[in-house]
Amino acid sequence: MTGDKKTVFSGVQPSGNLTIGNYLGAIKNFSKFSEEYKTFYCVVDLHAITVRQVPAELRKRTYETLALYMACGLDEKKNTLFVQSHVPQHAELGWILDCYTMFGELSRMTQFKDKSAKNAQNINAGLFTYPALMAADILLYQTDVVPVGIDQKQHLELARDVAMRFNQIYSDTFTVPEGYINTDTMKIMSLAEPTAKMSKSDPNQNAVVYILDSKDDIIRKFKRAVTDSDTTVKYSDEKPGISNLMTIYRAFTGKTYEEIEREFDGRGYGDFKLAVGEACADGLAPVRDEFSRLIADKAHLEAVMKSGAEEAAYYARKTMSKVRRKIGFVN
Ligand code: TYM
């Protein structure tokens with residue numbers, strides 16, 4: 001809780017161009033909370049450096065991620081929008097929570113296993129302790145609800161365990177957070193390999209639809225999407241490619257799976273893929289337009305980051321003073 005409102009926190013890494021997975025699984029859900037909750041939406045640059053980043057790119061993407069938050073409907077007056085490294089309490093609590101997170105717990109994290117397999121030359125300690133920093137992000141604001149895609153569920157459970165462990169040792173200090181996972185869009189799959197998650201770090205550009213892709217690119221990518229040798233548009237575990245496209249189409253049109261099956265009954269995949277591409281491109285057009293307007297005004301973005309960080313730091317300091325006292329640090 002922050003004041004009389006329940007608190008929402010979530011974050012996105014500025015580690016690549018954002019995808020329709022990030023949009024449908026996370027960012028699109030963020031604005032649902034803006035009116036009734038105290039909301040903190042963070043660009044998590046400290047997390048991004050667990051994988052090597054080109055400095056100029058990281059800086060550029062940090063601005064872009066903030067502008068995308070705003071372009072996706074997050075009003076800076078109703079939401080606290082900020083950059084993680086601007087509030088040093090994230091790193092401070094991150095270190096403290098490292099000391100309450102077990103090696104065994106971190107070793108079981110599937111994202112650590114996946115990412116270390118992909119970055120065998122750079123399995124750094126930050127990659128390993130990443131979930132403790134994520135717990136710090138969440139617990140710093142006494143967060144009640146964390147909207148994320150399903151791939152973050154394991155990290156969120158760890159944050160809950162760490163909060164409960166700390167509370168048990170030192171008495172109530174942190175709110176134990178709950179996840180908010182939109183089951184309709186919790187895992188958007190790759191267009192090239194529909195059994196794998198769509199990921200912003202995928203080197204295959206055709207596997208991923210970026211929020212800022214042009215209409216032509218979006219339509220081209222959906223046309224090339226991997227499906228199956230059948231011809232019926234039907235939602236089924238045996239048809240992961242078509243089912244993923246149906247999930248995306250449903251998210252952009254509001255139609256049900258039954259309605260989609262009826263709409264494309266007897267029409268083949270070509271028609272269907274074109275319709276998905278058009279619905280997606282048209283759905284994203286307002287976001288792209290708004291983004292172009294926002295990204296051109298760097299001074300405004302900097303003002304938003306600055307006031308967001310000041311607001312966030314006010315709450316972060318409150319939690320930190322409690323944590324420091326409970327642990328036994330001299331003030
Ligand atoms: P990140 O940057 O990988 O992804 C941002 C958000 O997008 C969701 N997401 C997806 N949802 C559906 N389908 C997909 N294909 C897909 N790909 C990504 C993610 O679940 C996430 O919600 N560790 C986090 C960032 C983070 C964070 C936090 C999140 C740091 N601290 C505190 C919440 C609270 C991450 O790497 O997200």
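Partners of Thr232 by side-chain contact (heavy atoms from CB on, under 4.5 Å), not counting sequence neighbours, listed by chain and number: Asp230, Lys239. Partners of Tyr130 under the side-chain hydrogen bond (donor to acceptor under 3.5 Å, both in side chains) rule, at least two apart in sequence or in another chain, are Gln13. In this structure Ala279 satisfies the side-chain contact (heavy atoms from CB on, under 4.5 Å) test together with Tyr249, Phe252, Thr253, sequence neighbours excluded.
Annotation for Val54: hydrophobic cluster partners, listed by chain and number, are none (ILVMFWY side-chain heavy atoms under 4.5 Å, direct or chained). The other residues sharing a hydrophobic cluster with Leu133 are Leu46, where clustering joins ILVMFWY side chains under 4.5 Å apart. With side-chain heavy atoms closer than 4.5 Å counting as contact, directly or through intermediates, the hydrophobic cluster containing Met164 also holds Val176.
Hydrophobic clustering keeps Val145 apart from Leu140 (ILVMFWY residues linked when any side-chain heavy atoms are closer than 4.5 Å, directly or through intermediates). Side-chain heavy atoms closer than 4.5 Å link hydrophobic residues (I, L, V, M, F, W, Y) into clusters, and following such links, possibly through other members, connects Ile295 to Met70. Cluster annotation: Tyr63 and Leu294 are assigned to the same hydrophobic cluster (Ile/Leu/Val/Met/Phe/Trp/Tyr, side-chain heavy-atom contacts under 4.5 Å, transitive). Tracing side-chain contacts under 4.5 Å through hydrophobic residues (I, L, V, M, F, W, Y), one never reaches Val8 starting from Leu156; they form parts of separate clusters. Connection of Phe291 to Met305 is established within a shared hydrophobic cluster, with ILVMFWY side chains joined at heavy-atom distances below 4.5 Å, either directly or through further cluster members.
Side-chain contact between Thr80 and Tyr314: absent, with no pair of heavy atoms (C-beta onward) separated by less than 4.5 Å. Val287 has its side chain within reach of Leu68: a pair of non-hydrogen atoms, C-beta onward, lies under 4.5 Å apart. Side chains of Tyr37 and Lys5 form no contact here, defined as non-hydrogen atoms less than 4.5 Å apart. At a threshold of 4.5 Å between non-hydrogen side-chain atoms, the residues Phe222 and Val209 count as touching. Put simply, the side chain of Asp228 does not reach to within 4.5 Å of the side chain of Glu238, judged on heavy atoms. No side-chain heavy atom of Phe33 sits less than 4.5 Å from a side-chain heavy atom of Asn79. Side-chain contact between Leu106 and Pro131 is present, with heavy atoms from C-beta onward closer than 4.5 Å. The side-chain heavy atoms of Ile260 and Val233, taken from C-beta on, include a pair separated by under 4.5 Å.
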> Do Asp137 and Thr143 pass the side chain to side chain contact (heavy atoms under 4.5 Å, CB included) test, and can you show the C-alpha distance, the side-chain angles, and the key distance before you say yes or no?
Replying inline: CA-CA 9 Å; Asp137 300 339; Thr143 301; over 6 Å; no
> Yes or no on salt bridge (charged side-chain N to carboxylate O under 4.0 Å, His left out) for Arg293 and Glu290, after CA distance, side-chain angles and deciding distance?
Replying inline: CA-CA 5 Å; Arg293 198 181 63 76; Glu290 190 57 9; 2.7 Å; yes
> Step by step, would you call Ile188 with Asn244 a side chain to side chain contact (heavy atoms under 4.5 Å, CB included)?
Replying inline: CA-CA 7 Å; Ile188 302 299; Asn244 185 41; 4.0 Å; yes
> Does the side chain to side chain contact (heavy atoms under 4.5 Å, CB included) test come out yes or no for Tyr269 and Leu245, once each step is laid out?
Replying inline: CA-CA 10 Å; Tyr269 289 164; Leu245 297 184; over 6 Å; no
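The aromatic rings of Tyr170 and Phe166 sit tilted relative to each other, their planes meeting at an angle between 30° and 60°. Relative orientation of the Phe82 and His90 rings is tilted, given thresholds of 30° and 60° on the angle between their planes. Ring orientation note: the planes of Phe272 and Phe264 are nearly perpendicular, at an angle over 60° on the 30°/60° scale.
In this structure, Arg250 satisfies the cation-pi test against Tyr257, with its NZ or CZ atom closer than 6.0 Å to the six-membered ring centre and inside 45 degrees of the ring normal.
No hydrogens or angles considered: nothing links the side chains of Glu258 and Tyr235 as a donor-acceptor pair under 3.5 Å. Using modelled atom types, one finds no donor on one side chain facing an acceptor on the other under 3.5 Å when comparing Thr175 with Asp144.
Heavy-atom contacts from other residues, nucleotides or ligands closer than 6.0 Å to CZ of Arg224 number 12 or fewer.
Within the 3.5 Å criterion, the main-chain N or O of Ser236 finds a donor-acceptor partner in the side chain of Ser243. Side-chain N or O atoms of Tyr41 include one that pairs as donor or acceptor with a backbone N or O of Phe30 at under 3.5 Å. Within the 3.5 Å criterion, the main-chain N or O of Gln142 finds no donor-acceptor partner in the side chain of Tyr315. Side-chain atoms of Lys200 never come within 3.5 Å of backbone atoms of Pro14 as a donor-acceptor pair (strictly under, hydrogens ignored). With Gln154 contributing its side chain and Arg108 its backbone, the two residues share a donor-acceptor pair below 3.5 Å. Counting only distance, with no hydrogens or angles, the side chain of Thr50 and the backbone of Leu127 share no donor-acceptor pair below 3.5 Å. Counting only distance, with no hydrogens or angles, the side chain of Asn167 and the backbone of Phe174 share a donor-acceptor pair below 3.5 Å.
Note that the NZ atom of Lys197 and the CD1 atom of Ile150 stand 11.5 Å from one another [nearest 0.5 Å]. Interatomic distance, Leu301 CG to Thr62 OG1, rounded to the nearest 0.5 Å: 11.5 Å. Atom-to-atom distance recorded for Leu24:CG and Ile211:CD1 is 8.5 Å, nearest 0.5 angstrom. In this structure, Leu66 CG and Arg61 CZ are separated by 15.5 Å, a value rounded to the nearest 0.5 Å. Rounding to the nearest 0.5 Å places CG of Leu58 at 12.5 Å from CZ of Arg52. In this structure, CG on Asn331 lies 10.5 Å from CZ on Phe329, to the nearest 0.5 angstrom.
A salt bridge is defined here as a Lys NZ or Arg NE, NH1 or NH2 lying under 4.0 Å from an Asp or Glu carboxylate O, and Arg160 with Glu178 meets this definition. Using a cut-off of 4.0 Å between Lys/Arg side-chain N and Asp/Glu carboxylate O, Glu302 and Lys306 are scored as not salt-bridged. Salt bridge absent: Arg288 and Asp213 never bring a charged side-chain N and a carboxylate O closer than 4.0 Å. One finds a salt bridge joining Glu105 and Arg165 here, because a Lys/Arg side-chain nitrogen approaches an Asp/Glu carboxylate oxygen to under 4.0 Å. Here Asp217 pairs with Arg220 in a salt bridge; the nearest charged N to carboxylate O distance falls below 4.0 Å. Electrostatic pairing of Glu157 and Lys153 counts as a salt bridge here, judged by a charged N lying under 4.0 Å from a carboxylate O.
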